[in-house]
Amino acid sequence: MEIIEEETIAKKMGKRIVVDKAYLYEQDKPLTVCKTSLFYTGDGFTAYDCNGDIIFRVDSYGPDTRDNDEFVLMNATGKCLLTVKRKRPTLHQRWEGFLGERSEGQKPIFSVRRSSIIGRCTMEVEVYDEAGEEYIIEGDFSQRSCVIYDTEKRTVAEIKRKVDSSTNVMLGRDVFTLDIKPGFDGAFTMGLVLVLDQINGDDPVEIGDEQVHPFVED
């Protein structure tokens, strides 16, 4: 009963709890997100706040891991906040999010899917709760440039290239800014970043008959 009342109050205040109320912020919350390996698409992330404190982390999930279709988002102490898993078979690269560490038979709390199977396109996000919230992700994650909108086209989060404030130099794509708007669930947002990285992380560059992924800027 207490949890239901807290969620009702939060919604009336314009807040959206999807994963954890601890990651709702009263002001814009810019996080610096770093890929923890530069060798493979989706090799883990660490997200820091402006004080350099770790807020979220995803341990490396390179090619030798047990399941490359399931990833766990943790807080700084290693608590499992969210699991994202690819739903198979699917034409639109549908991913589902599960609260905490997923267990067999557990129902998802949200899903993400491409709006088209051809080319780059928007992502559609559906939250499975009484409110039935939906979100749209537009832009190009491989260039670290996308915006998450609610159904009223209000920006709830934004991913953008990070500029070094001391040198005014734009950093490589392995380091970027995740700007979370007030009242939006930061853990949910970081879960969407994991899905985006898997669906369209880095544009391959053709070299002869091969394709390589450009992780570091020249």
Side-chain angles (χ1 to χ4, degrees), residues 19 23 25 27-62 68 71 73-74 82 84 86 93 95 97 110 112-116 119-125 135-150 153-182 184-207 211-218:
V19 177
Y23 300 100
Y25 305 106
Q27 299 178 334
D28 278 19
K29 184 73 171 181
L31 300 180
T32 297
V33 183
C34 304
K35 297 192 77 165
T36 54
S37 171
L38 304 180
F39 298 106
Y40 302 96
T41 299
D43 261 4
F45 293 97
T46 305
Y48 303 86
D49 65 12
C50 60
N51 298 315
D53 296 324
I54 295 177
I55 305 300
F56 304 112
R57 65 185 179 90
V58 179
D59 287 347
S60 179
Y61 46 85
N68 285 333
F71 313 115
L73 176 69
M74 298 176 287
L82 176 70
V84 294
R86 183 173 182 174
Q93 288 222 44
W95 286 72
F110 69 87
V112 185
R113 65 186 291 273
R114 294 171 64 116
S115 60
S116 171
R120 291 200 176 276
C121 53
T122 60
M123 302 290 171
E124 299 172 353
V125 184
Y135 300 93
I136 294 294
I137 306 174
E138 295 182 349
D140 186 350
F141 181 77
S142 71
Q143 298 300 317
R144 308 304 186 246
S145 176
C146 26
V147 181
I148 305 173
Y149 299 101
D150 64 13
K153 204 65 176 181
R154 295 175 299 196
T155 300
V156 294
E158 184 174 4
I159 297 164
K160 51 192 174 184
R161 297 288 294 272
K162 185 172 179 63
V163 176
D164 188 316
S165 58
S166 61
T167 62
N168 204 33
V169 172
M170 184 176 292
L171 302 179
R173 281 175 285 180
D174 51 293
V175 181
F176 57 94
T177 296
L178 174 62
D179 188 14
I180 304 164
K181 299 304 180 184
F184 198 62
D185 189 331
F188 174 47
T189 310
M190 192 63 199
L192 297 180
V193 170
L194 300 186
V195 174
L196 287 170
D197 184 61
Q198 288 299 305
I199 292 180
N200 59 3
D202 294 89
D203 282 325
V205 174
E206 293 186 4
I207 300 179
Q211 289 185 329
V212 292
H213 290 269
F215 290 105
V216 183
E217 298 295 304
D218 293 333

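Please read these numbers as outputs of a predicted model, since none were measured by experiment.
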Residues Phe45, Arg57; criterion side chain to side chain contact (heavy atoms under 4.5 Å, CB included); working and verdict: CA-CA 6 Å; Phe45 293 97; Arg57 65 185 179 90; over 6 Å; no
Expected output: side-chain Asn51 to main-chain Asp53 donor-acceptor under 3.5 Å: no
Donor-acceptor under 3.5 Å (Arg144 side chain, Ile159 main chain): no
Can you find a heavy atom in the side chain of [X] that is under 4.5 Å from one in the side chain of [Y]?
X      : Y      : result
Val84  : Phe110 : yes
Lys181 : Asp28  : yes
Asp150 : Phe184 : no
Thr122 : Glu138 : yes

Rounded distance (nearest 0.5 Å) linking atom [atom1] of [X] with atom [atom2] of [Y]:
X      : Y      : atom1 : atom2 : value
Thr32  : Phe176 : OG1   : CZ    : 10.0 Å
Leu196 : Trp95  : CG    : CH2   : 11.0 Å
Thr189 : Leu178 : OG1   : CG    : 6.0 Å
Ile136 : Met123 : CD1   : CE    : 10.5 Å
Ile199 : Ser142 : CD1   : OG    : 13.0 Å

Search all heavy atoms of [X] against all heavy atoms of [Y] and return the closest pair with its distance.
X      : Y      : answer
Ala187 : Leu82  : O-CD2, 4.0 Å
Thr177 : Pro30  : CG2-CB, 4.4 Å
Arg161 : Leu171 : NH2-O, 3.0 Å
Cys146 : Asp140 : CB-N, 4.1 Å

Criterion ring pair (Phe, Tyr, Trp, His ring centres under 6.0 Å) against Phe56, the qualifying member of Phe71, Tyr48, Tyr23, Phe188: Tyr23
Contacts of type side chain to side chain donor-acceptor pair (under 3.5 Å), residue Thr46, not counting sequence neighbours: none
